Every structure is written in structure tokens, then in C-alpha cells.
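Counting starts at 1 for both ligands and their atoms, in listed order. Small disclaimer: the values here were computed from a predicted structure and weren't measured.
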Amino acid sequence: MASACLNCYNHCFFPSFAHDKCQTTGTQLVQPRSNIPIAWMPRVKGIDRSRRRFGAKSSNGSPLDATCLGDGESHSLPLHKSFANLSEDGNFHISESEKKEPTISITVVGASGDLAKKKIFPALFALFYEDWLPQHFTIFGYARSKLTDEELRNMISQTLTCRIDKRENCSDKMDQFLQRCFFHSGLYNSEDNFSELDQKLKEKEVGRVSNRLFYLSIPPNIFVDAVRCASRCASSPAGWTRVIVEKPFGRDSESSGELTRCLKQYLTEDQIFRIDHYLGKELVENLSVLRFSNLVFEPLWSRQYIRNVQLIFSEDFGTEGRGGYFDNYGIIRDIMQNHLLQILALFAMETPVSLDGEDIRNEKVKVLRSMRVLQCDDVITGQYKGHKKGDRVYPAYTDDPTVPKDSLTATFAAAALFIDNARWDGVPFLMKAGKALHTRRAEIRVQFRHVPGNLYKKNFGCDLDQATNELVIRVQPDEAIYLKVNNKVPGLGMRLDRSNLNLLYSARYPREIPDAYERLLLDAIAGERRLFIRSDELDAAWSIFTPVLKELEGKKIAPELYPYGSRGPVGAHYLAAKHNVRWGDLGDETS
Ligand SMILES: NC(=O)C1=CN([C@@H]2O[C@H](COP(=O)(O)OP(=O)(O)OC[C@H]3O[C@@H](n4cnc5c(N)ncnc54)[C@H](OP(=O)(O)O)[C@@H]3O)[C@@H](O)[C@H]2O)C=CC1
Ligand SMILES: O=C1O[C@H](COP(=O)(O)O)[C@@H](O)[C@H](O)[C@H]1O
């Protein structure tokens, strides 16, 4: 049954895959064929906190439920004392009372890959360094590559220090961390290989109640195989089992629905953590705080005062090294349908009943379901072309050897979206996303309406647009929130200019901002689902974009070419003008 379903899923992703039949059992949890049960435990809500030795919390402030139930020692005691139990043969020996302390095993599936090296292992190390991980934990890398534990450690140690390297005791901490990292080589579709992994996990878990987290950092066509094998053969026997799934979650409504259906043959929705790393970014997290904890913003947050909202993503590099993946998806699927749309939903949602993950996701899904299906004439697409600047030659998208020479895949897109509800009726939400542009940036721009009957109209000169307020939430780089206000230029005359009330994070909070993956991993460990995508959110998100994607692809609409390193195609300006909008990032000297 599993492979039939997988074939169907592959068929949706890669039409060249043959599939005979696709049997599914709906969305109910299916008992695996093997005798090993799918074990999972919902988030432990009423856990006795007085028994916690280690007060780590999820990013929502709730305690980690993978922490040990111990003797009430404080956080300041050594967290990694269990190393004392490590004997020379690498095995742990622990007493009966220590066996009652739970442990967590984190398996990075696809450990030899780019994302694992670049983001996941460094994030795990940062959490370890900052004492956010539970006391007892083990990390396994799993991939087909034949690596020893030592080779995995060498490989990940190259990128481990990206955020922490200037900090105290970094190399000691790194050694301690690496001692907790192991590798198992296996195929993604082999239940035998996952059973071997299970044995190794059990050895490290030494009889403790173990919770298990699998991070699927692998190409999407093997998600379901890996989930089947992990669920059947390496689920935790007594603790919870959770799976973090990386995007892409399908490439349209149908393939996404199929992926969800296949995953739910082996996992419950509660076990699936669909990651959108933009939700883990500091300023995206702060959106709700800004809105709901300050009186000054929320009353203005509607069509009454806001003219338009702009969600802008740009990168100053191309698809270098990822052209093979990217060509099958394009920028609308890669950035807009997920990262920018998630930000939009958080930006536009009503006040949730509480900060509980389900309450927030309920509000987000309402926004998504109120959105108009995107129309083709509200989208423009672009693709970067090569060009030469001085001695430097910048490649075209189609120069990538993994991209077909005649590819029509968009590396840039701009779109106008609308939320047909009482709060946002008629307000354009403009999105712009592109690769190989002149700068790297992600930001939210909120342009407010004109002040009615403005007494100072004549002091602004002829450009009244320049006189409106604009709130900018710069997600990256140089995190900042600034508000453009009209101000009197000091002096005897009455000249006004537009200045910024500027909250620049590096000045106000001179500390490193954790990487998004750190927050998300911590939340997955804590069972906090607020920053992960629920399946109904995903369905609603795909419903907005699927028709236009089909139309663009069906009609083979050619993207407008723009030079590598430029500001993108001019079509983006026409689209904005059609909705009476001027992109705020043009000519903003703060940006
Ligand atoms: N890289 C990034 O910046 C981002 C990646 N993602 C997503 O994260 C996931 C992992 O990305 P990334 O690390 O770049 O992926 P990789 O292409 O590096 O693949 C990860 C590992 O999967 C195995 N693998 C690769 N191709 C195949 C294949 N055709 N069949 C079986 N195994 C294969 C390889 O391990 P081995 O051969 O050792 O088994 C590889 O090391 C993907 O879903 C991607 O879309 C999401 C956001 C950003
Ligand atoms: O998901 C993705 O995100 C990255 C950009 O992430 P950032 O945190 O570096 O801004 C993007 O490069 C990639 O194409 C996309 O798949």
C-alpha cells in the first residue's frame, strides 16, 4: 500500500513516474504492518513543573516536555553530567532511577545534504551551547552516504560554529556536542535500515523513556518512503515521535493534498511539523507582539487607515547549486506561496483567542480562506539573464547546467493579492520576490493613507505620496522596525521632511539573533506547533496560487528577462501602478 501511494505521489511531482494504483485509507491513522506501534504522545500539558531540573522553554514560553523529571536541581547545575556515564566502549551505564529520566533522540534524515550542514546541525549546536536542549539527548545523522561517526563529526564541525565561534568555551562545547552525534548509513526506503537505526537509538537511550524527532532534510520525492520506514521501524516505543518535514509540500493543490494523505497513513497531524523557516525569524515572531501589545498599531490595522501592504523578498545571488530543484518549482512556489503568504496571514489575522498554537493557526487559516484566488493579470514574472560588469560576468539562470536552456521558470514574480473580508476589503497586498537582484532583503512595508484635510499639504511639495506614513518591518538583514513620519526641519522656516522613528535591532539589542532553525527545532521538541503549518492552512495557501501557476505553465507564458544584479523587471512597476501603489523599497535610503 505504501509504495502504491508513494508512486501516486511521485506521479504528481514527477509525471514521468509510473503508478498503477493509489490505495489510501483516508486520513485515519493506520496501524503499521510491523508489530511496532506508531507511538506518540500529545504535548504534555499538565506536567509537574516542580519536578523539572531544567527550565528550558519553547519560543512560546511553554516548558520543553522532553526535559527530565528529576530531582529539582536548578538550571545552573551542569546539564551534561550524563557524560560521566559514558564508558570507554562508548556505551552508557545508568542506574535504575536515572532510567526514569526521559531522553530525546533527534535523527537528521539526509544528514549529508546542504541544509543539514548549513542549518540543522549548526542550529542544534547553538541550542546545545545555550543550554536549550534537554539534558539527555542524542543526535543521529542518517543518509545513504557511507560515513563513520567520526566522519560525520568532521563534516558537521566545518559549519558548526557559524554563530557561536567567538564565544567562550566554544571548542569544548563543540567537542561535547560532537560526542553526542552519531551516524547510520541506510536507504530512505529500507525498513531494515531504519530497524538498524532503531537498535542504535535504543543503545543510546539506555532504557530511558525516549522521545524521537526525525528531521526530513531530503528531496520531496522520498518524504513518504522515509516517513513510512521511520514510523514503522524507528518510532519511539514509549515516548512521542514527531517528524519535521521540509518544504516543498507539493507543487500544487493536488500534489500537496496527496502528500498530506500519504503522510497521514503513517503519522497523525499532531506528529507532522511542516516547517516554514520564515516563521522562525525574529521579526516575523515579533509581528504579533507589535500588533497586539501596542495600542498605537492595532487601531490603524485595517482598510480604514492602510492603503496597501507590501511583502518584499530579494536575494543578490541566483539559484547557484540548486537549479535542479528550483526549475521544478520557480519563485512563486519557492517563496511566495509559503514564506510571504505566511507573513501575510500573520500580519492580517484577527486577534487570536490566545497564544496557543491552534488559536493562532485558526486565525491564519481564516485569512487565507478569505483571500481571492490570484488572477493571471495580477501577476508578472521575470527570469534573470547574464550580464557583464567590469571584469565580472554574471550568469543567466539558464546558464546553470542543471537548468534546461529553454526554461520558462520564473526567478522573479510580483503579485497583487486581496483579502475579501471586512478588515481588508480593497487593500492590495503586493508581493515581490526575486533572485539575482541588486540586494538581499526581506521586509514588510505598510503604506498608510493620506491625512485628510492635511494642514501642511502645501509644505510637502507636489508629491503627496511622499507625505504619507510608512511602517517598515525589516526582517533581514539588519533587523529593524521604522516608521516614516513627517517632521519639521529645524529652523526658522516651515519646511517638512520625512524622517524615521527607527528601532534598529543591532543598536537596541546588541546580541546575536538566533537563527530561525534554532527556534523551530526548539518548538518541535517542545511540541509547540504555532510556527508550523497545519494541513488546512496548506490547502488554503495552495488554493490561492494553484490556478495561476497552472495558467502560467499551461500557456507557457514567458517571463520578462532582467539583468542579474538589477532591480528586476519593469513589469513589477506596471503591476503596482495598476493598483495605485508605488513600491516602497525604491528610493528608501534606509533600505
Ligand atoms: N538547501 C536549502 O537551502 C533549503 C532546502 N530546503 C529543503 O530541504 C530539503 C533538503 O535540502 P538539501 O539539503 O538542499 O537537499 P540535498 O539535495 O542536499 O539532499 C539531501 C540529501 O538527500 C540525499 N539525496 C539527494 N538526492 C537524492 C535522491 N534523488 N534520492 C535519494 N536521496 C537523495 C543525499 O544524501 P545521500 O546521497 O547521502 O543519501 C543528500 O545529501 C529539501 O526538501 C529542500 O527542498 C528548504 C529550504 C532551503
Ligand atoms: O526556502 C528558501 O529560503 C531561502 C532563503 O532563506 P533565507 O533565510 O536565507 O532568507 C531561499 O534562498 C531558497 O531558495 C528557498 O528555498
Checklist entry - More than 12 non-hydrogen atoms from neighbouring residues, nucleotides or ligands closer than 6.0 Å to NZ on K405, yes or no? => result yes

Checklist entry - In terms of side-chain geometry, is the basic nitrogen of K247 or D334 positioned less than 4.0 Å from the acidic oxygen of its partner? => result yes

Item to check | Distance from atom 13 (C) of ligand 2 to nearest protein heavy atom, with residue and atom | outcome: R322 NH1, 3.3 Å

Checklist entry - Who's the nearest protein heavy-atom neighbour of atom 14 (O) of ligand 2, and how far? => result D334 OD2, 2.6 Å

Item to check | side chain to side chain contact (heavy atoms under 4.5 Å, CB included), paired with R228, selected from Y266, F223, F194, Y188 | outcome: Y266

Item to check | Donor-acceptor contact present, side-chain S253 to main-chain T546, <3.5 Å | outcome: no

Checklist entry - Nearest to atom 12 (O) of ligand 2, what protein heavy atom do you find, and at what distance? => result E315 OE2, 2.5 Å

Next on the checklist: Quick test of your reading of the model: are E315 and R441 salt-bridged, counting only N-O distances below 4.0 Å?
Outcome noted: no

Checklist entry - With distance as the sole test, does N338 use its side chain to make a donor-acceptor pair with the main-chain N or O of R333 at under 3.5 Å? => result yes

Checklist outcome for this item: A student checking ligand 2 against Q476 at a 4.0 Å heavy-atom cut-off should list atoms 7 (P), 10 (O)

Item to check | Residue, atom name and distance, where the atom is the protein heavy atom closest to atom 9 (O) of ligand 2 | outcome: R440 NH2, 3.9 Å

Checklist entry - Got the closest protein heavy atom to atom 8 (O) of ligand 2, with its distance? => result K281 NZ, 2.6 Å

Item to check | atom 10 (O) of ligand 2: the protein heavy-atom neighbour that sits closest, reported with distance to 0.1 Å | outcome: Y278 OH, 2.4 Å

Checklist outcome for this item: So the atoms of ligand 2 within less than 4.0 Å of a heavy atom of H339 turn out to be 1 (O), 2 (C), 3 (O)

Checklist entry - Short list, please: which atoms of ligand 2 are under 4.0 Å from a heavy atom of K247? => result 1 (O), 2 (C), 15 (C), 16 (O)

Checklist entry - Does H387 have its ring centroid less than 6.0 Å away from the ring centroid of Y564? => result no

Checklist entry - Any salt bridge between K385 and E560, counting N to O under 4.0 Å? => result no

Checklist entry - When you measure from the side chain of R291 to the backbone N and O of M349, does any donor-acceptor pair fall under 3.5 Å? => result yes

Checklist outcome for this item: The protein heavy atom nearest to atom 6 (O) of ligand 2 is H277 NE2, 3.1 Å

Checklist entry - Which atoms of ligand 2 are found less than 4.0 Å from any heavy atom of K435? => result 11 (C), 12 (O), 13 (C), 14 (O)

Next on the checklist: Please determine whether a side-chain nitrogen of the Lys or Arg among D198 and K202 lies less than 4.0 Å from a carboxylate oxygen of the Asp or Glu.
Outcome noted: yes

Checklist entry - Which part of F326 is near ligand 2, with near meaning a heavy atom under 4.0 Å away: side chain, backbone, both or neither? => result neither

Checklist entry - Are N193 and E191 close enough, and set up right, to give a side-chain hydrogen bond (donor to acceptor under 3.5 Å, both in side chains), and what steps lead you there? => result CA-CA 5 Å; N193 292 161; E191 295 191 11; over 6 Å; no

Need the list: ligand 1 N/O atoms against protein N/O atoms, distance under 3.5 Å, rounded to one decimal.
{"unit_1": "ligand 1", "atom_1": "1 (N)", "unit_2": "D114", "atom_2": "OD2", "d": "2.8"}
{"unit_1": "ligand 1", "atom_1": "3 (O)", "unit_2": "K118", "atom_2": "NZ", "d": "3.0"}
{"unit_1": "ligand 1", "atom_1": "13 (O)", "unit_2": "D114", "atom_2": "N", "d": "3.1"}
{"unit_1": "ligand 1", "atom_1": "13 (O)", "unit_2": "L115", "atom_2": "N", "d": "2.8"}
{"unit_1": "ligand 1", "atom_1": "18 (O)", "unit_2": "D114", "atom_2": "N", "d": "3.1"}
{"unit_1": "ligand 1", "atom_1": "32 (N)", "unit_2": "R144", "atom_2": "NH2", "d": "3.2"}
{"unit_1": "ligand 1", "atom_1": "35 (O)", "unit_2": "S112", "atom_2": "OG", "d": "2.9"}
{"unit_1": "ligand 1", "atom_1": "35 (O)", "unit_2": "Y188", "atom_2": "OH", "d": "3.3"}
{"unit_1": "ligand 1", "atom_1": "37 (O)", "unit_2": "R144", "atom_2": "NE", "d": "3.3"}
{"unit_1": "ligand 1", "atom_1": "37 (O)", "unit_2": "R144", "atom_2": "NH2", "d": "2.9"}
{"unit_1": "ligand 1", "atom_1": "38 (O)", "unit_2": "S112", "atom_2": "OG", "d": "2.7"}
{"unit_1": "ligand 1", "atom_1": "38 (O)", "unit_2": "S145", "atom_2": "N", "d": "3.0"}
{"unit_1": "ligand 1", "atom_1": "38 (O)", "unit_2": "S145", "atom_2": "OG", "d": "2.4"}
{"unit_1": "ligand 1", "atom_1": "39 (O)", "unit_2": "R144", "atom_2": "N", "d": "2.8"}
{"unit_1": "ligand 1", "atom_1": "39 (O)", "unit_2": "R144", "atom_2": "NE", "d": "2.9"}
{"unit_1": "ligand 1", "atom_1": "39 (O)", "unit_2": "Y188", "atom_2": "OH", "d": "2.6"}
{"unit_1": "ligand 1", "atom_1": "41 (O)", "unit_2": "S112", "atom_2": "OG", "d": "2.7"}
{"unit_1": "ligand 1", "atom_1": "41 (O)", "unit_2": "G113", "atom_2": "N", "d": "3.1"}
{"unit_1": "ligand 1", "atom_1": "43 (O)", "unit_2": "I218", "atom_2": "O", "d": "2.8"}
{"unit_1": "ligand 1", "atom_1": "43 (O)", "unit_2": "K247", "atom_2": "O", "d": "3.2"}
{"unit_1": "ligand 1", "atom_1": "45 (O)", "unit_2": "K247", "atom_2": "O", "d": "3.0"}

Item to check | Those residues that, when tested against F412, pass ring-ring contact (aromatic ring centres under 6.0 Å, His included) (two or more places apart) | outcome: Y562

